[in-house]
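The structure appears below as structure tokens.
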Amino acid sequence: MEHVNRVALIGTGAVGSSYAFALLNQGVADELVMIDLNKEKSEGDAMDLNHGLAFAPANKKIWFGDYEDCQSADIVVITAGANQKPGETRLDLLEKNTAIFKSIVDSVRRSGFDGIFIVATNPVDILTYMTWKFSGLPSHRVIGSGTILDTARLRFQLSEYFQLDSRNVHAYILGEHGDSELPVWSHANVAGRSVFDRIKDHPEKYDIKDLDQIFEQVRDAAYHIIERKGATHYGIAMGLVRLTKAILHNENAVLTISGYVDGPYDVNDLYIGVPAIVNRKGIHEIIELNLTPDEKAKFANSASVLKETMAPVLNQYV
């Protein structure tokens, strides 16, 4: 019998429903089951999405379900959890979401699920680590969205600056999906030229000093969007669909996800944003880039920020 690709989505808030909509528009996966505590909202979403099937690139079965439907899912995507409230620290948010995740992951595993987890809820690197611990699955089958969106934002900002299609801009953001992340300028290239060479090609138009400002726009993008509209969800939803497609289509695609790093980059026992080869089995390989001394120091700092933030929760739960 032909294999049916099933995705289970847990959490149908702004990110979850945008992911479902992008999945439908791009014709990725054969089945989508939506799971949420807010049954009414999820049922409404499923109905609404089904009404667009006549205009979609491929047929798809979409329904509101429960944890039992995860049993035969290939991928479980978790976008559920609390959002950061004004005055709340990331640690407050982390403690709240770790408790939520414990209950979600336990329920998914009880269904008999034996596929791949994708985690998008913040703080994503730490919640991906907790999902790995709670699930008991091998680390290559637990993937966080990591810096997939930050990398896309960087490619967009560079494409605007150099006036090129963002798909011809290759650059990475590594580290924590958060304030301690870093741009890897030493490996950034546009139109096959390193960004530094491209700047030298046209000194009348470009200036190396502009790179700092470009990175700041990337790092702080979420704050600017949240200030204006309350949440960021379209960009991350499309990043999650890209990741889903790489898995289901066995692409061996290189994406900057939150992967389990134990050795590379001089980091041990941590989920953090790194380039990785992703295929049907999950994370096939973590790619270790040759970083400059400055980039190495920034990456080490980012790793220690994550370890410090995670320590109290880890002691409590694991």
Side-chain angles (χ1 to χ4, degrees), residues 14-15 18 22 83-84 86 90 93 120-125 144-243 254-258 272-275 289 291-292 294-303 305-306 309:
V15 173
S18 298
N83 293 325
Q84 205 162 344
R90 285 178 68 241
L93 178 69
T121 309
N122 281 321
V124 69
D125 303 285
S145 54
T147 49
I148 201 167
L149 176 60
D150 313 86
T151 292
R153 285 169 172 158
L154 180 62
R155 289 172 68 190
F156 168 73
Q157 294 292 359
L158 288 170
S159 78
E160 292 275 283
Y161 183 68
F162 290 111
Q163 293 176 302
L164 284 166
D165 186 322
S166 58
R167 290 167 299 185
N168 296 115
V169 174
H170 297 284
Y172 299 118
I173 297 276
L174 301 192
E176 173 205 17
H177 171 55
D179 297 340
S180 72
E181 65 188 29
L182 62 136
V184 187
W185 294 126
S186 62
H187 289 272
N189 73 74
V190 295
R193 300 277 283 158
S194 103
V195 296
F196 303 119
D197 289 342
R198 188 69 190 142
I199 287 167
K200 278 184 207 142
D201 290 343
H202 295 284
E204 76 289 354
K205 274 203 289 193
Y206 309 125
D207 188 331
I208 209 154
K209 292 193 197 80
D210 295 337
L211 294 180
D212 289 340
Q213 200 185 342
I214 285 170
F215 169 60
E216 276 165 29
Q217 285 175 311
V218 170
R219 187 195 57 208
D220 301 337
Y223 299 122
H224 297 306
I225 296 169
I226 289 165
E227 214 172 86
R228 288 163 174 78
K229 58 172 266 190
T232 79
H233 47 99
Y234 297 132
I236 185 58
M238 290 185 75
L240 291 170
V241 171
R242 178 71 196 92
L243 180 51
V254 177
L255 299 166
T256 46
I257 46 79
S258 188
I272 190 166
V274 284
L289 300 174
L291 302 180
T292 65
D294 179 53
E295 289 164 350
K296 269 186 184 156
K298 285 178 175 157
F299 191 88
N301 169 60
S302 194
V305 165
L306 282 172
T309 311

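Numbers for residues simply follow the sequence, beginning at 1.
- Side chains of Ile236 and Ile148 form a contact here, defined as non-hydrogen atoms less than 4.5 Å apart.
- For Pro203 against Lys200, the heavy-atom pair with the smallest separation is CD-O, 3.1 Å.
- When atom types are taken as modelled, the side chain of Ser18 and the backbone of Ala14 share a donor-acceptor pair closer than 3.5 angstrom.
- Nearest heavy-atom pair across Asp125 and Ser258 is OD1-OG, 2.8 Å.
- Closest heavy-atom contact between Arg155 and Val169: NE-O, 2.8 Å.
- The closest side-chain heavy-atom distance from Leu174 to Leu291 is below 4.5 Å.
- Ala22 and Val241 get closest at one heavy-atom pair: CB-CG2, 3.6 Å.
- For Gln213, the CD atom is loosely surrounded, since the number of other residues' heavy atoms within 6.0 Å does not exceed 12.
- Lys229 NZ: more than 12 foreign heavy atoms inside a 6.0 Å radius.
- Contact detail for Ser145 and Leu240: the closest heavy-atom pair is CB-CD2, 3.9 Å.
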Next on the checklist: Run Leu211 and Leu158 through side-chain contact (heavy atoms from CB on, under 4.5 Å) and show every step you take.
Outcome noted: CA-CA 9 Å; Leu211 294 180; Leu158 288 170; 4.2 Å; yes

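- With contacts defined as side-chain heavy-atom distances shorter than 4.5 Å, the pair Val195/Ile208 does not qualify.
- A donor-acceptor pair is defined here as one N or O able to donate and one able to accept, closer than 3.5 Å; no such pair exists between the side chain of Thr256 and the backbone of Tyr172.
- Side-chain contact between Asn168 and Val190 is absent, with no heavy-atom pair separated by less than 4.5 Å.
- Between Trp185 and Asp294, every side-chain heavy-atom pair lies at or beyond the 4.5 Å cut-off.
- Side-chain N or O atoms of Ser166 include none that pairs as donor or acceptor with a backbone N or O of Ser159 at under 3.5 Å.
- Within a 6.0 Å radius of CZ in Phe196, more than 12 heavy atoms belonging to other residues, nucleotides or ligands are found.
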Checklist entry - Can you list the steps and then say if Val184 with Phe299 is a side-chain contact (heavy atoms from CB on, under 4.5 Å)? => result CA-CA 10 Å; Val184 187; Phe299 191 88; over 6 Å; no

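- Between Gly273 and Thr147 the shortest heavy-atom distance is CA-OG1, 3.9 Å.
- His177 and Asp150 share a donor-acceptor pair across their side chains, judged by distance under 3.5 Å alone.
- Note: Tyr206 and Tyr161 have tilted aromatic rings, judged against thresholds of 30 and 60 degrees for the angle between ring planes.
- In this structure the side chain of Asp201 reaches within 4.5 angstrom of the side chain of Arg198, judged on heavy atoms.
- Within the model, atoms CD of Glu176 and CG of Leu182 stand 10.5 Å from one another, a figure rounded to the nearest 0.5 Å.
- For the atom pair NE2 (His233) and CG (Leu149), the distance works out to 12.0 Å, reported to the nearest 0.5 Å.
- Taken to the nearest 0.5 Å, the CD atom of Glu160 stands 9.5 Å off from the CD atom of Gln217.
- Phe215 pairs with exactly one of Arg153, Glu181, Gln157 by the side chain to side chain contact (heavy atoms under 4.5 Å, CB included) rule, that one being Glu181.
- The shortest side-chain heavy-atom distance between Asp207 and Ile199 does not fall under the 4.5 Å cut-off.
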